[in-house]
Amino acid sequence: MHIEKEKIGIFDSGVGGLTVVKELMSLLPNKPLIYFGDTARTPYGTKSAETIIQYAIEDTEFLIKHGATVIVIACHSVASVATETLKKRFTLPIFEVISPSRELAIKTTKNKNIGLIGTRATVNSNVYNREIAQIAPDIKLFSQPCPLLVPLVEEGWLKSRETRMIIRKYLRPLRDVAIDTLILGCTHYPLLKRVISEIAGKKISIIDPSKEVARDVFEHLKNNGIDNSDLVNIHESQSRFYLSDVSPTTEKIATNFLGRKISIEKAIA
Ligand code: DGL
């Protein structure tokens, strides 16, 4: 067993992927993590698939160079357009936020109307529609790009009146078609989960992909006999958090996302 050498590499377009880190830390408290957030080139969600794929290759190479043995694509915009390329190009296990949340959404919906909110890149990729059509052709997916939500979360406007108004407006078309399940298809949305859930109403089940991907990684490590429960709080000392641009703002946002202060290093390729 390669217990000590196992290192989970997580990447995102910026600090949003820390929502995935938070879930991983809670499920695997003793596992060293390495995080890369491409804050110098964020956002990805407004960029072309070609550019996102190129960035995703570079981000993965960075993590591998720094010792990652498992890769987690925390960014939905990347997972929607670059998963296939990364899986073909790299031989290590690659996890991503889309498949586990899609599977759970399919299991959860009763009326067969699922809603998806995300960035434009994620919604335009049609990745959910394609795969849902293959697995469960009787299920309908209704997607809504919500480009204003990322900056609102980064500003810390999590419960403000304006944020509620915008969420209400974005969710209206989804409520009109009576979805009963809603996928939070962006790293930032778990911070808005409570408000989204309140506005969506009790009849709509919310799927949080950060929890689902963390569960996938946990299962993978467990099935491969990688259990280091005897090692206490290793991640505290061995985990590393790299950003391609570090500013007081990114540090503050990172603390908000994780709910605790971390030591951030500037990534040097
Ligand atoms: N991390 C991105 C995502 O989950 C949101 C921010 C961005 O657009 O880069 O799609």
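In this text the structure is predicted, and so the values were computed from the model without any measurement. Order of listing sets the numbers, starting from 1, for every ligand and every atom in it.
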More than 12 non-hydrogen atoms from neighbouring residues, nucleotides or ligands closer than 6.0 Å to NZ on K266, yes or no? yes
Under 4.0 Å between heavy atoms, the region of D12 that gets near ligand 1 turns out to be side chain
Examine ligand 1 and decide if any of its atoms is less than 4.0 Å from a heavy atom belonging to G16. no
Can a side-chain donor-acceptor contact be found between T250 and T39 if the only test is distance below 3.5 angstrom? no
closest protein heavy atom to atom 6 (C) of ligand 1 is S13 OG, 3.6 Å
What atoms in ligand 1 come closer than 4.0 Å to a heavy atom of C186? 3 (C), 4 (O), 5 (C)
Between Y44 and D38: side-chain donor-acceptor atoms closer than 3.5 Å: yes
dist F90:CZ -> T85:OG1 (nearest 0.5 Å) comes out at 10.0 Å
Report yes if some N/O of H188 lies less than 3.5 Å from some N/O of ligand 1; otherwise report no. no
Using a strict cut-off of 4.0 Å, indicate which atoms of ligand 1 neighbour a heavy atom of P43. 7 (C), 8 (O), 9 (O)
Ligand-residue contact atoms, ligand 1 with G45, heavy atoms, under 4.0 Å: 7 (C), 8 (O), 9 (O)
Is there at least one pair of N or O atoms, one from H76 and one from ligand 1, spaced under 3.5 Å apart? yes
Single hit among I10, V15, L18, I34 for side chain to side chain contact (heavy atoms under 4.5 Å, CB included) with F241: L18
Proximal ligand 1 atoms for T42, defined as those under 4.0 Å from one of its heavy atoms: 9 (O)
When rounded to the nearest 0.5 Å, the distance separating NZ of K211 from NZ of K22 is 8.5 Å
Side-chain donor-acceptor pair present, Q54, E58, cut-off under 3.5 Å: yes
Just need the protein heavy atom nearest to atom 10 (O) of ligand 1, so name the residue and atom and give the distance. S77 OG, 2.6 Å
